[in-house]
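The structure under discussion appears below in the form of structure tokens.
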Amino acid sequence: MIIGDSLSSDMLGGQNAGIDTLWLNRKHQVADPKIKIDLEASSLEQISDLLS
């Protein structure tokens, strides 16, 4: 799994590599519908909760 805050680098990179993605979306942006995001979190604490 790749965890990152960039749609174009992290999430698209994970999608292209065929691995799961977790988008750290602190600014509550709207995702590009062409980019597959498996999980989304708005804080580091939420990531911890999602992965436990």
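- In this structure, the side chain of D5 does not engage the main chain of L24 through any donor-acceptor pair within 3.5 Å.
- Counting only distance, with no hydrogens or angles, the side chain of S52 and the backbone of D49 share a donor-acceptor pair below 3.5 Å.
- Atoms OG and CD1, on S8 and I35 in that order, are 7.0 Å from each other to the nearest 0.5 Å.
- Transitive grouping of hydrophobic side chains (ILVMFWY, heavy atoms separated by less than 4.5 Å) keeps L39 and W23 in distinct clusters.
- Side-chain atoms of T21 come within 3.5 Å of backbone N or O of K36 as a donor-acceptor pair.
- Taking the side chain as every heavy atom from C-beta outward, M11 and S6 never approach each other to under 4.5 Å.
- Side-chain N or O atoms of Q46 include none that pairs as donor or acceptor with a backbone N or O of A41 at under 3.5 Å.
- Taking each heavy atom of L7 and V30 in turn, the nearest pair found is CD1-O, 4.3 Å.
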(message) Set out, in order, the CA-CA distance, both residues' side-chain angles and the distance that settles side-chain contact (heavy atoms from CB on, under 4.5 Å) for D20 and I2, then state yes or no.
(response) CA-CA 6 Å; D20 292 335; I2 184 168; over 6 Å; no
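- How far CG of L50 is from CG of L22: 6.0 Å, rounded to the nearest 0.5 Å.
- Of all heavy-atom pairs spanning L44 and R26, the tightest one is CG-NH2, 3.3 Å.
- Considering only heavy atoms from C-beta on, L51 comes within 4.5 Å of M1 through its side chain.
- Residue I37 is grouped with residue L12 when hydrophobic side chains (ILVMFWY) are merged at heavy-atom distances under 4.5 angstrom, including chains of intermediate members.
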